[in-house]
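So the structure is just underneath, and the comments pick up after that.
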Protein chains: 2
Amino acid sequence: MSELSSKKPQAAPASLDGTDLAILAALVEDGRMTNAALAARVGVAESTCAYRVRALRQSGVIVSVNARLNLGALGHPIHAIVKVRLGSHNREHVRNLYDKLVAVPGALTVLHVGGDDDFLLHVAVESPEKLRDLILEHVTIYPVVQRTETQLVFEVREGRGVLSP
Amino acid sequence: MSELSSKKPQAAPASLDGTDLAILAALVEDGRMTNAALAARVGVAESTCAYRVRALRQSGVIVSVNARLNLGALGHPIHAIVKVRLGSHNREHVRNLYDKLVAVPGALTVLHVGGDDDFLLHVAVESPEKLRDLILEHVTIYPVVQRTETQLVFEVREGRGVLSP
DNA sequence: TTTGAAATAAATGCTAG
DNA sequence: CTAGCATTTATTTCAAA
């Protein structure tokens, strides 16, 4: 279920000091860094560091910690972006399709965007044939989908993020 | 530095059994789950579980574990996709621009794609004004960039990934 | 490869500055 | 908010199956 603008516990625009930012940068780099190592790196006592990290979690600044996998090693070496354009922008139609796209096997992220397209679906698949099947069976199958356009992804690189400046 | 097809230690298409897949699914969901909890969840001894996880890391199936942050709480509430089209596809030009885009402040991911566009730059910025400045100062500033098109991102949702089926 | 149990290391709770 | 110390919990190691 998506919510499409229902308000949920949004993190207060917390006031983060240098220590917090250093902690965040370290955990983005290595989310399994031990509290001891983290404390040493940012220059505070271990108990203080643990306190800070807990506060950052509870306030929602740290959303979660997740393993990132090598999708090629898992048999999904092909990445693609499927641009999806809708014929109707009825609220229910949009919400329903969004839910469907998120549930597509191999879907990594789904962006609801404004502009030429409505959704950008980033998928990882086993092969080009599977990509075709995926689009036919899980995307264009819905009447609200007017048109799709697929781009092969040659390479994905992580950006520097928002913490560096 | 990007490599653009120079070969690096790619994970062998490892043979993963059900236990491995269960471990991976759990760690994608919660990368800080304790080894004890993980072992209980997948039904093996703690020492076995630790052994498996270490193997999955060393073989490169688990690439890394990272904290995910609430970018809004960090003052970057606006997301956008900047489609970048190049005028020249000279190898050096492509590689250089790729490196530049990855280093853009606020860049989350940069996709090198085939099709209408060459790069898709996903950024998180402080405001629409900053978005404009970012594009002018860090993207269109390069002569190799022929044209950009920017789409506002309303919402980002995680897909089900490749492990569910 | 898997395991249990011992040894090491880390996180948490409590106290107080 | 911070730090030190004691307690509880987790990870690593290793001999054995």
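Side chains are part of it too, since the values below use all heavy atoms of this structure and drop only hydrogens, waters and symmetry mates. Chain letters run A, B, ... following the sequence lines, proteins first and then strands; every chain starts at 1.
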### Message
Holding to ring pair (Phe, Tyr, Trp, His ring centres under 6.0 Å), I want the full list of residues that pass it with B:His79, two or more places apart in sequence or in another chain.
### Response
B:His122
Any salt bridge (Lys or Arg N to Asp or Glu O under 4.0 Å) pairs touching [range], not counting sequence neighbours?
{"range": "residues 127-145 of chain B", "result": "none"}
{"range": "residues 104-128 of chain B", "result": "A:Lys83-B:Asp117"}
{"range": "residues 100-113 of chain B", "result": "none"}

### Task
Take nucleotides 3-14 of chain C nucleotide by nucleotide from the 5' end and write B, S or -, depending on whether a protein heavy atom sits under 4.0 Å from the base, only from the sugar-phosphate, or from neither.
BB-----SS---
### Query
Got A:Leu121 and A:Val139 here, is their nearest side-chain heavy-atom distance under 4.5 Å?
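Heavy-atom side-chain distance check passes, below 4.5 Å.
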Just jot down the side-chain hydrogen bond (donor to acceptor under 3.5 Å, both in side chains) partners of [X], sequence neighbours excluded, or say none.
{"X": "A:Glu92", "answer": "A:Arg95"}
{"X": "A:Ser88", "answer": "A:His93"}
{"X": "A:Ser164", "answer": "none"}

### Message
Give the residues of residues 18-31 of chain A touching DNA chain D, defined as any heavy atom closer than 4.0 Å, sorted by residue number.
### Response
none
Show me the donor-acceptor pairs within less than 3.5 Å that the side chains of residues 19-39 of chain B make with the rest of the protein, sequence neighbours left out.
from	atom 1	to	atom 2	distance (Å)
B:Asp20	OD1	B:Arg52	NH1	3.0
B:Asp20	OD2	B:Asp17	N	3.3
B:Asp20	OD2	B:Arg52	NH1	3.1
B:Asp30	OD1	B:Arg32	N	2.9
B:Asp30	OD1	B:Met33	N	3.4
B:Arg32	NH1	A:Gly31	O	2.6
B:Arg32	NH1	A:Met33	O	3.4
B:Thr34	OG1	B:Ala37	N	3.1
B:Asn35	OD1	B:Ala50	N	3.3
B:Asn35	ND2	B:Glu46	O	3.0

#### Entry: Terminal axes of the helix from C:dT1-D:dA17 to C:dG17-D:dC1 (five pairs each): angle between them, nearest 10 degrees
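It comes to 30° between the two terminal axes.
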### Task
Could you name each residue pair satisfying ring-ring contact (aromatic ring centres under 6.0 Å, His included) that touches residues 144-165 of chain A, not counting sequence neighbours?
A:Phe154-B:His112
